[in-house]
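We name chains A, B, ... by the order of the sequence lines, and we start the count at 1 in each one.
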Amino acid sequence: MADNFSLAALMFPDISSTPDKLLEAYPPRALKEGALVTRFAPSPTGFLHIGNVFTAMVAERAARASGGTYILRIEDTDKKREVEGGVQLLIQSLAGFGIVFDEGPMDGGGERGDYGPYTQSGRRALYHTFCRALVEKGLAYPCFCTEEALAGSRAAQEEQGMTPGYWGEHAVCRRFSPDEAERHIKSGMPYVVRMRSPGKPGGRVKFRDVIRGDIEMEENFLDVVLLKKDGLPTYHFAHVVDDTLMRVNQVIRGDEWIASAPIHLQMLWMCGLKPLKYAHVSPIMKEEDGSRRKLSKRKDPEAAATYFEQQGYPSDAVIEYLLSIANSNYEDWRKQNREASWASFPFSLGKMSASGALFDIVKLQSVSGDVIARMTARQVTEHACRWAQTYDASLYGRLSADLAFTQGIFAIDRGGSKPRKDITRWGDVGDYCDYFFSSAFDTSGLTAQYGADVCRDVLSAYLDIYNPADGKDEWFAAIKNICGPLGFCPDVKQYKAEPDKHKGHVGDISAIIRFAVTGRKNTPDLHAIMALLGENECRGRMERCIASLR
RNA sequence: GGCCCGUUGGUCAAGCGGUCAAGACGGCGGCCUCUCACGCCGCAAACAGGAGUUCGAUUCUCCUACGGGUCACCA
């Protein structure tokens, strides 16, 4: 005569352990007060969404800020979605953002930590142990319904206006005796394992979400699948056993999971496990046609984490932007701690907003400009070269030809308390510094504004007194000195008071020189530029300019 | 449709019964200034709507509207 124990033995012949033994094998961690053990648990699809980076960062910050542990767990229970090399790619991409794990699979293979395996496909026996115990207690049972049958009852339920799913009249396998179940199994029928939900329609569950506060919803009354036909667990079941066995004490995940929290709480209870603590993170949104939606992998290029690297945003800038979305006091902190690493920011899960933020590329640019402005010329040079090396070969050629010169470019107007902020991503540097590498300027803009004669006179006069040894003050004084003879006013204010008395003012003189030397109307400190270019180059450029004006 | 979550300026957001409703990005104006930046100063700009509770609601309750999420042998 079959019973739940013989049924369990038939279903899990190679499982001899028990949940209690597993709990002993993965004992509670020695943690200091308030330390959070968090995890990032992606499926290895090979695509890293910026929203995932956000969630991963939040979990990482929460762990680090509390002196806890951060775990990577690979959820590869859906073989259809798996991509070759996806795990390595994921680890590397996250590392590129400065997000690293204490435990889990490692770059280059292998894994670290005492609570593994960290890949779900390697944890089969663990799930089966818990599942076997459930079957023995009559809390789980095999279900032989075909997908067609399921679809049929779903349609019927919907027609009747009742909640679709495996419950009530439609949970046919739930009512099988152990005898019937065994007979079906022995006949070779494929089956899934479902939990025997104790829930009732209309029942309520309450739980506290760290981000959203108290939430109350209808309890689960569906006989949810624990193990799929292939013996691998569903997300729900895997989550429950993994997070308790890994001793995760703060589950941080996307808010799309909040609807299934009642399932998880119920499973935990049925397994005799303590409820987990949850924090559901809102997704990053995108505005389109006046309405919001999640950033879409298909429609939005900025949904891909790789987009930002390609565009040349420093990874620190992306993280700081994300951090400012997560904890709005981040920007105030940054203002007070100019030079500190974002890693020392006292991150707080509780300060997260419950509503989803719109992705704001303009704000990212502002943050990025600040991040780059804080860098030294050397750091800028290194970053720009590294970026150009893979994304802009010709730029790389220019930048790397003479690194001291390149660093000199980035040193102009850098450092000090008011650094320039006009580079917001490495993709900007090509435009930013092109005139340092080429002197093929079109001077028509110059003559259009001042007339060829004036330009020629100004440049000739300047060439006569040009002294490359001048410091910035002498350099500018020299320019002022040629104003008078040329009919320009050396003092801007004076000129503005009586504009008719002069052809223009010093600004116009230096504008002409600037244009001859750089081909631009606007540049950083011209004296510094000329000093870097050197006497020969500067003279050459001005002489060529004069020649082109004839 | 059921259940759940959300809604403060264009955007991110402080606020947690009494505030002239912070700050940041962006916008606009000004100052500084050889240009452009930077910096500084200033301006415009918000509590989705309606009922309650209260001496008093952005804050508490309910309803409505709108937005989002979820209802798989996917995560």
Side-chain angles (χ1 to χ4, degrees), chain A residues 41-43 45 75-78 80-81 120 143 145-147 150-151 154 158 161-166 190-194 201 209 211-212 215-218 222 224-236 238-239 253-263 280 282-283 285 287 290-294 321 324-332 334-335 351 353-367 369 373 413 416-422 475-476 479-480 483 490 492-493 505-511 513-515 518 520-527:
Chain A
S43 34
T45 58
E75 312 228 320
D76 62 344
T77 56
D78 183 9
K80 281 165 282 186
R81 310 212 313 185
Q120 289 183 333
C143 169
C145 292
T146 61
E147 295 191 33
L150 257 20
R154 172 170 305 275
E158 275 167 5
M162 60 195 291
T163 304
Y166 211 74
Y191 63 92
V192 302
V193 184
R194 315 188 90 108
D209 183 286
I211 295 172
R212 298 168 188 253
I215 297 177
E216 178 180 336
M217 26 197 323
E218 186 171 33
L222 266 26
V224 175
V225 171
L226 264 21
L227 257 27
K228 299 183 274 189
K229 202 162 20 184
D230 58 11
L232 287 171
T234 54
Y235 168 86
H236 307 296
H239 152 61
R253 59 187 358 180
D255 74 348
E256 68 270 24
W257 292 110
I258 165 160
S260 39
I263 294 175
H280 289 99
S282 303
M285 317 287 283
E287 168 125 43
S291 80
R292 309 182 154 209
R293 42 158 248 252
K294 266 182 170 177
Y321 170 62
S324 75
I325 287 182
N327 275 188
S328 68
N329 56 324
Y330 180 78
E331 292 178 84
D332 286 338
R334 169 52 79 199
K335 202 178 282 180
K351 285 197 173 120
S353 166
S355 51
L358 235 36
F359 188 84
D360 186 351
I361 194 97
V362 176
K363 177 85 180 202
L364 169 63
Q365 276 161 3
S366 162
V367 172
D413 284 354
S417 57
K418 300 176 184 177
R420 304 186 69 84
K421 293 183 177 176
D422 34 18
W475 171 85
F476 192 52
I479 291 179
K480 282 187 175 175
C483 283
V492 181
K493 276 195 179 128
H505 57 77
V506 247
D508 296 306
I509 302 292
S510 54
I513 300 170
R514 169 175 284 111
F515 203 104
T518 69
R520 297 194 181 193
K521 286 184 178 165
N522 308 322
T523 69
D525 181 15
L526 183 57
H527 171 260

Closest listed nucleotide, where the reference is the side chain of [X] and the choices are [options]:
X         : options                   : value
Lys418(A) : rC36(B), rC73(B), rG39(B) : rG39(B)
Asn522(A) : rC36(B), rC4(B), rG39(B)  : rC36(B)
Thr234(A) : rC4(B), rU35(B), rC73(B)  : rC73(B)
Ala357(A) : rC12(B), rA37(B), rC4(B)  : rC12(B)
Ala259(A) : rC73(B), rA13(B), rG69(B) : rG69(B)
Trp257(A) : rC38(B), rA75(B), rC4(B)  : rA75(B)
Glu331(A) : rC73(B), rA24(B), rC3(B)  : rA24(B)
Lys228(A) : rC73(B), rG39(B), rC34(B) : rC73(B)
Ser355(A) : rC73(B), rA72(B), rG6(B)  : rG6(B)
Ser366(A) : rG68(B), rG26(B), rA72(B) : rG26(B)

Write down the distance separating the [atom1] atoms in [N] and [M], rounded off to the nearest Å.
N       : M       : atom1 : result
rC66(B) : rC25(B) : C1'   : 26 Å
rU59(B) : rG18(B) : P     : 11 Å
rG42(B) : rC34(B) : P     : 25 Å
rU11(B) : rG27(B) : C1'   : 12 Å
rG49(B) : rA14(B) : C1'   : 24 Å
rG9(B)  : rA22(B) : P     : 14 Å
rC40(B) : rG23(B) : P     : 14 Å
rG30(B) : rC5(B)  : P     : 50 Å

Using OP1 and OP2 only, check whether a side-chain N or O of Lys421(A) sits under 4.0 Å from rG39(B). yes
Do Arg194(A) and Thr234(A) have side-chain atoms, one donor and one acceptor, less than 3.5 Å apart?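 Arg194(A) vs Thr234(A): no donor-acceptor pair found between side chains.
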Determine the contact category for [X]: base if any of its heavy atoms lies under 4.0 Å from a base atom, sugar-phosphate if only primed atoms, P, OP1 or OP2 are that close, otherwise nothing.
X         : answer
Val225(A) : sugar-phosphate
Cys145(A) : base
Lys480(A) : nothing
Gln365(A) : nothing
Ser260(A) : nothing
Ser510(A) : base
Thr45(A)  : nothing

Kindly assign one of parallel, tilted or perpendicular to the pair Tyr321(A) and Phe359(A), based on the angle between their ring planes and the thresholds 30° and 60°. perpendicular
Taking [atom1] from [X] and [atom2] from [N], how many angstroms apart are they, rounded to a whole number?
X         : N       : atom1 : atom2 : answer
His236(A) : rC73(B) : NE2   : C1'   : 11 Å
Asp413(A) : rA37(B) : CG    : P     : 13 Å
Arg514(A) : rA37(B) : CZ    : C1'   : 11 Å
Leu358(A) : rU7(B)  : CG    : P     : 15 Å
Arg520(A) : rA37(B) : CZ    : C1'   : 13 Å
Glu158(A) : rG1(B)  : CD    : P     : 14 Å
Asp230(A) : rA72(B) : CG    : C1'   : 14 Å
His280(A) : rG6(B)  : NE2   : P     : 13 Å

Give, for atom [atom1] of [X] and atom [atom2] of [Y], the distance between the pair rounded to the nearest 0.5 Å.
X         : Y         : atom1 : atom2 : answer
Ile325(A) : Asp360(A) : CD1   : CG    : 8.0 Å
Cys143(A) : Leu226(A) : SG    : CG    : 12.0 Å
Lys363(A) : Glu331(A) : NZ    : CD    : 3.5 Å
Asp332(A) : Asn327(A) : CG    : CG    : 11.5 Å
Met285(A) : Arg293(A) : CE    : CZ    : 9.0 Å

Under a 3.5 Å cut-off for both contacts, is [N] paired Watson-Crick or G-U wobble with anything, and if yes, with which nucleotide?
N       : answer
rC40(B) : rG30(B)
rU54(B) : none
rA24(B) : rU11(B)
rA48(B) : rU64(B)
rC74(B) : none

Do any N or O atoms from the side chain of Ser43(A) and from the backbone of Thr45(A) form a donor-acceptor pair under 3.5 angstrom? no
Backbone N or O of Asp413(A) within a donor-acceptor pair of the Asp525(A) side chain at under 3.5 Å? no
Between the base of rC73(B) and the side chain of Arg194(A), is there a donor-acceptor distance below 3.5 Å?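 Result: no qualifying N/O pair found.
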Side-chain heavy atoms of Phe476(A) within contact of His527(A), under 4.5 Å: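 SC-SC contact between Phe476(A) and His527(A) ruled out.
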In B/S/- notation (B base, S sugar-phosphate only, - none; protein heavy atoms under 4.0 Å), nucleotides 41-46 of chain B written 5' to 3' is ------
Which comes earlier along RNA chain B counting from the 5' end, the contact point of Ser324(A) or that of Thr146(A), where each point is its nearest nucleotide?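 Per heavy-atom nearest nucleotide, the more 5' residue is Ser324(A).
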Report the residue (Ser43(A) or Glu256(A)) whose heavy-atom-nearest nucleotide on RNA chain B is the more 5′ of the two.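 Closest to the 5' end, via its nearest nucleotide, is Glu256(A).
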Quick one: side-chain hydrogen bond (donor to acceptor under 3.5 Å, both in side chains) partners of Asp230(A), sequence neighbours excluded?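 Checked Asp230(A) against side-chain hydrogen bond (donor to acceptor under 3.5 Å, both in side chains); matches are Lys79(A).
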